[in-house]
Enquirer: 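Take this structure, written in structure tokens, and hold onto it; I'll ask about it next.
Because only heavy atoms are used, hydrogens play no part in the values below, and waters and symmetry mates are left out as well, while side chains stay in. First the proteins, then the strands, lettered A, B, ... as listed; each starts at 1.
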Number of protein chains: 2
Amino acid sequence: MKYQKIPEATIRRLSRYSRCLEEIEQAGEGVVSSAQLATRCMVNAAQVRKDLAYFGEFGIRGVGYYVKDLLSDIKKILGSNKEWRMAVIGIGNLGSALLSYKDFLKQNYKIVAAFDIDPPSVIGRVSEKLGKPVEVIHINRLKEVAKERRIEIGLITTPPSEAQSVADLLVEAEVKGILNFAPTQIIVPEGFVAKDVFFTTILDNLAYLLSNN
Amino acid sequence: MKYQKIPEATIRRLSRYSRCLEEIEQAGEGVVSSAQLATRCMVNAAQVRKDLAYFGEFGIRGVGYYVKDLLSDIKKILGSNKEWRMAVIGIGNLGSALLSYKDFLKQNYKIVAAFDIDPPSVIGRVSEKLGKPVEVIHINRLKEVAKERRIEIGLITTPPSEAQSVADLLVEAEVKGILNFAPTQIIVPEGFVAKDVFFTTILDNLAYLLSNN
DNA sequence: CAAATTTTGTGAAAGGAGTCACATAATTGA
DNA sequence: TCAATTATGTGACTCCTTTCACAAAATTTG
């Protein structure tokens, strides 16, 4: 398997295959063909095979793919077979929601810390919402706590005006991955990865499609 | 301006230009060049011009673009110059968060209704969080209320098991646009538009980049 | 007022991504 | 054991997107 640049679209689809394979596994199927998986994921069957081909050979000709093995292989590729430790910074409405959003927790993405500039005002609300309350810590302890708790991903849920400075703090704390929910573009140095999640972009997209169809 | 299929990537970038232009307008700039806008949006300058060229000519050679006019034109293209009336279905943690998420409201996307299968248990929480409380209505009144309040977009924030049946209800109520936050793929008939927002897909993406760099 | 400068709009080239079609390999059944 | 069947892996092709490069148009300067 020699090196090649992997398209981002391929990675997104692998995540989709992963979700579908979990459903297929739940349903008790032991083997699945690229055609079946493709139908379920609403993509082309050749696409499924091409995507997998970037990383090796996982199927058996004339048979298909062993569901359990393929799922495990894809998770290994994505890096979603390990546990990822995350922190939420900015415990407003969105931050609180993420803290109690079950679908993060059922997977291997664990929120193990919460930070805010004004912790006392939010401590009550947060612990009330969770079985295991996450203590909200003052942001000036971020670097220290990030080391202590081996945090690898930071979720920025502050107002946009604070997003970049929070990103800078995360970089300083060597938190390599950032997911930014604030509606402003943030910049991080080489070696760090930042992804933006702009609800308004998605809504604009929807608005366009609704206006022009 | 004759018809042509517009790439989805172009629409996403227009939304980005729109956000950047608002910042530029705030900063008091009257004119902007494609190069300046491109730098700010972290894209290629020719890309900016090509994207705009799909819809007409908006600039002046040797000068650039009038910020106010271009912003207004882009909003017209996206359909984000009009007010969009939305409903949230499923008032759990995420639904509540969306209800009080300021960045929806500051724009032209207005949440004007909230539905749940068990309204009494959530009425208190929601109204407490908002200046103008949105009454949570039982889902069996969705069709009726959607008509009444002219709802055009539905935000699905139910558990995944309910997502498709909620989507079916929205289709029945002729709500043409759907934004699905539940981690399961939903299907809608021709003439309707559904977009999925999967946090785990984005996290998987981040995990991959962190694992392989 | 004409030459120099700036910046758009766009045809052409380059680069990626998705689909097709088929050789290859495994399995099944007679 | 061999033909028929099934489904993968992949080279070739097509389609779409991005970037380059330059003519055209507006402005500025001497």
Enquirer: Going by the angle between their ring planes, with limits at 30° and 60°, are A:F181 and A:F199 parallel, tilted or perpendicular?
Expert: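 Tilted, since the angle between the ring planes falls between 30° and 60°.
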Enquirer: Counting only side-chain nitrogens and oxygens, does B:S34 get under 4.0 Å of the OP1 or OP2 atom of C:dT8?
Expert: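 Answer yes for this pair, as a side-chain N or O of B:S34 is under 4.0 Å from OP1 or OP2.
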Enquirer: Does B:R49 make a side-chain donor-acceptor contact with the base of C:dT8, cut-off 3.5 Å?
Expert: no
Enquirer: Please state whether the phosphate of D:dG9, meaning OP1 or OP2, lies under 4.0 angstrom from any side-chain nitrogen or oxygen of A:Y65.
Expert: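 Checking D:dG9 against A:Y65, a side-chain N or O does come within under 4.0 Å of OP1 or OP2.
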Enquirer: Find the distance A:K5:NZ to D:dT18:C1' and express it as a whole number of Å.
Expert: 13 Å
Enquirer: Considering only D:dA24, C:dT27, D:dT19, which nucleotide approaches the side chain of A:V63 most closely?
Expert: C:dT27
Enquirer: Quick one: A:E8 CD to C:dG15 C1', roughly how many Å, whole number?
Expert: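 It works out to 17 Å between those atoms.
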Enquirer: Taking for each residue the nucleotide of DNA chain D with the nearest heavy atom, is it B:V43 or A:V32 whose nucleotide lies nearer the 5' end?
Expert: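 Result: A:V32.
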Enquirer: Just compare C:dG9, D:dA7, C:dT27 and give me whichever is closest to any side-chain atom of B:E57.
Expert: C:dG9
Enquirer: Go through the N and O atoms of the side chain of B:K50 and the base of C:dG11, and report whether any donor-acceptor pair is under 3.5 Å.
Expert: yes
Enquirer: How close or far is atom P of D:dT18 from atom CZ of B:R12, stated in whole angstroms?
Expert: 9 Å
Enquirer: Quick test of your reading of the model: are A:E23 and A:R19 salt-bridged, counting only N-O distances below 4.0 Å?
Expert: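 Salt bridge between A:E23 and A:R19, a charged N being under 4.0 Å from a carboxylate O: no.
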Enquirer: Examine C:dA17: is either OP1 or OP2 under 4.0 Å from a nitrogen or oxygen in the side chain of A:Q47? Give yes or no.
Expert: no
Enquirer: For the pair B:Y208 and A:F55, name the ring-plane relationship: parallel under 30°, tilted 30 to 60°, perpendicular over 60°.
Expert: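 Geometry flag for A:F55 against B:Y208: perpendicular rings.
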Enquirer: Over how many whole Å does the gap from B:N44 atom CG to D:dA21 atom C1' extend?
Expert: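 Interatomic distance, CG of B:N44 to C1' of D:dA21: 12 Å.
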Enquirer: Specify the separation, in whole Å, of atom CG of B:L52 and atom C1' of C:dT7.
Expert: 14 Å
Enquirer: In whole Å, what is the span from the CD1 atom of A:I60 to the C1' atom of C:dT28?
Expert: 15 Å
Enquirer: Go nucleotide by nucleotide along DNA chain C from the 5' end; which of A:G62 and A:T10 gets its closest nucleotide reached first?
Expert: A:T10
Enquirer: For the side chain of B:A53, counting heavy atoms from C-beta on, which of C:dA26, D:dT18, C:dT10 is nearest?
Expert: C:dT10
Enquirer: Using a strict 4.0 Å threshold on nitrogen-to-oxygen distance, state whether A:R85 and A:E83 make a salt bridge.
Expert: yes
Enquirer: Should the heavy atoms of other residues, nucleotides or ligands under 6.0 Å from NZ of B:K82 be counted, would the total exceed 12?
Expert: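 Atom NZ in B:K82 is crowded, with more than 12 foreign heavy atoms closer than 6.0 Å.
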Enquirer: Can you tell which of C:dT7, C:dG18, C:dA23 lies closest to the side chain of A:A9?
Expert: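 Within the option list, the nearest is C:dG18.
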Enquirer: Among the candidates C:dA23, D:dT18, C:dG18, find the nucleotide nearest to the side-chain atoms of A:R13.
Expert: C:dG18
Enquirer: Just the rounded figure in Å: distance from C1' of C:dG18 to CG of A:L14.
Expert: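 Going from A:L14 (CG) to C:dG18 (C1'), I get 15 Å.
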Enquirer: Once you round it to whole Å, what is the distance between P of D:dT10 and OH of A:Y54?
Expert: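 Going from OH in A:Y54 over to P in D:dT10 covers 12 Å.
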